[in-house]
Number of protein chains: 2
Amino acid sequence: MTEQGGVDWIDSETKVAEAPADHGDDLRLWLRLLTCSTLVETEVRRRLREDFDFTLPRFDLLAQLERAEQGMVLGELSKRMMVSAGNLTALVERLVESGHVSRTTSPTDRRVQIIALTDFGRAAFREMADRHGDWIGDLFKDLSARDRVALIDELGKLKRSIRASLAAGGGS
Amino acid sequence: MTEQGGVDWIDSETKVAEAPADHGDDLRLWLRLLTCSTLVETEVRRRLREDFDFTLPRFDLLAQLERAEQGMVLGELSKRMMVSAGNLTALVERLVESGHVSRTTSPTDRRVQIIALTDFGRAAFREMADRHGDWIGDLFKDLSARDRVALIDELGKLKRSIRASLAAGGGS
DNA sequence: GCGAGAAATTTCAAGCTTAAAGTTTTTTCC
DNA sequence: GGAAAAAACTTTAAGCTTGAAATTTCTCGC
């Protein structure tokens, strides 16, 4: 659709331009990382909506709960999902309404809310998760097994670097 | 702060668990990608707010405009930023109010809105972009130059795979 | 030159997200 | 055991985001 023959997409990376300082590679890396994850996320979001009339935040929440047989405390959900607790209050409320999760006040500590999958929620999640796996597989299918493993490894290093930096200067 | 000695963070990746199908590596890769980009994004967002009282979407918009001397049509901004046009209407409006960008109706096509940086906006962006480069550099500093280049390369392959998949099945 | 359709943008309703402030409950420490 | 601090969560205000519907303007074919 654009003038550049053959290609009809553009994004932030299209012209990285030289960086003001010498963080050129860092910025290029960051933009590429962001582009990849935005592309995947947008597609997953679209498919969840179209195929299941579900949103990604809801799906993410169910995904966390699936591995917690006994349910999970709201605060831990917040950490694992890397979103604020305030966010979860309303999200959980909507999922309770739709019957996917239950919310119970802890019997031993009345401040604590325990969130758990219902049977319905578990079944719904399983179905969506299967398809989700296929979608991701499709998106990544042109990547060789070797590249996949290499990426997982390299991203592991990146993650450690980020965590280290956050832990060091995090207080500021 | 949690019970597990030494480490006080957890996230979605902490237990990847075996995948339902055999997309195990794909899902692991996707989760790791998402974790890295969420960590960086959250930190950038926090610093922009604290240091400049600015938001990431605003910053992203200015970043796109910086490379367009003549300004940019709203539709192209939308493609480059990978966000909906409806989103931009309000975002641009707020940036016009704060004096960072100007909005002009194209003289040759009255449907078209041309958005451009003001001098004030350009100066503000330059300052933020410099710092932004430092932040990213800090977050990535434990990564060797070799790893950085490898990641850029591998992510390039991933991006091509995603684009190809979207282009192929995209119509659905 | 006019009508159908396409294109660019805006509006709208709904939901997500955050930080900060507020509430309730528990823990800590005299 | 009681006050003060901490912890878990909710509320609030503001802004971001989307998809779908509506609006305005242009283009194309006749």
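Lettering of chains follows the sequences in order, A, B, ..., and the numbering in each one begins at 1. Atoms considered below: every heavy atom in the structure, side chains included; atoms not considered: hydrogens, waters and symmetry mates. Bear in mind the structure is a predicted one, so any value in this text is a computation, not a measurement.
- Across the protein-nucleic acid pair, Glu41(A) atom CD and dT17(C) atom C1' stand 13 Å apart, rounded to whole Å.
- Atom CD of Gln113(A) is separated from atom P of dT24(C) by 14 Å (rounded to the nearest Å).
- Distance, Leu56(B) CG to dC16(C) C1': 16 Å, rounded to whole Å.
- Comparing Arg58(B) and Asp109(B) against DNA chain D, the residue whose closest nucleotide sits nearer the 5' end is Arg58(B).
- Side-chain atoms of Leu139(B) and Leu39(B), non-hydrogen and from C-beta on, never get closer than 4.5 Å to each other.
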Where protein sits on nucleotides 17-24 of chain D, one letter per nucleotide: B base, S sugar-phosphate only, - none, heavy atoms under 4.0 Å: BBS-----
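- Between Thr55(A) and Arg45(A), the closest side-chain pair of non-hydrogen atoms is not below 4.5 Å.
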Steps toward side chain to side chain donor-acceptor pair (under 3.5 Å) verdict (Ser144(B), Asp147(B)): CA-CA 5 Å; Ser144(B) 70; Asp147(B) 283 333; 3.2 Å; yes
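- Under a 4.5 Å side-chain heavy-atom criterion applied to ILVMFWY residues, the cluster that includes Val73(A) comprises Val112(A), Ile114(A) as well.
- Atoms CD (Glu93(A)) and C1' (dC9(D)) sit 14 Å apart, rounded to a whole Å.
- Per the geometry, CG belonging to Asp60(B) stands 18 Å off P belonging to dG15(D), to the nearest Å.
- Rounded to whole angstrom, the span from the CG atom of Asp53(B) across to the P atom of dG15(D) amounts to 10 Å.
- The distance between atom CG of Leu74(A) and atom P of dC9(D), rounded to the nearest whole Å, is 5 Å.
- Classification of the Phe52(A)-Trp135(A) ring pair by plane angle, with boundaries at 30° and 60°, yields tilted.
- Contact of the Leu33(A) side chain with the Leu158(A) side chain is registered, since non-hydrogen atoms from C-beta on lie closer than 4.5 Å.
- The residue Thr55(A) sits close only to the backbone: its heavy atoms come under 4.0 Å of sugar-phosphate atoms, none of a base.
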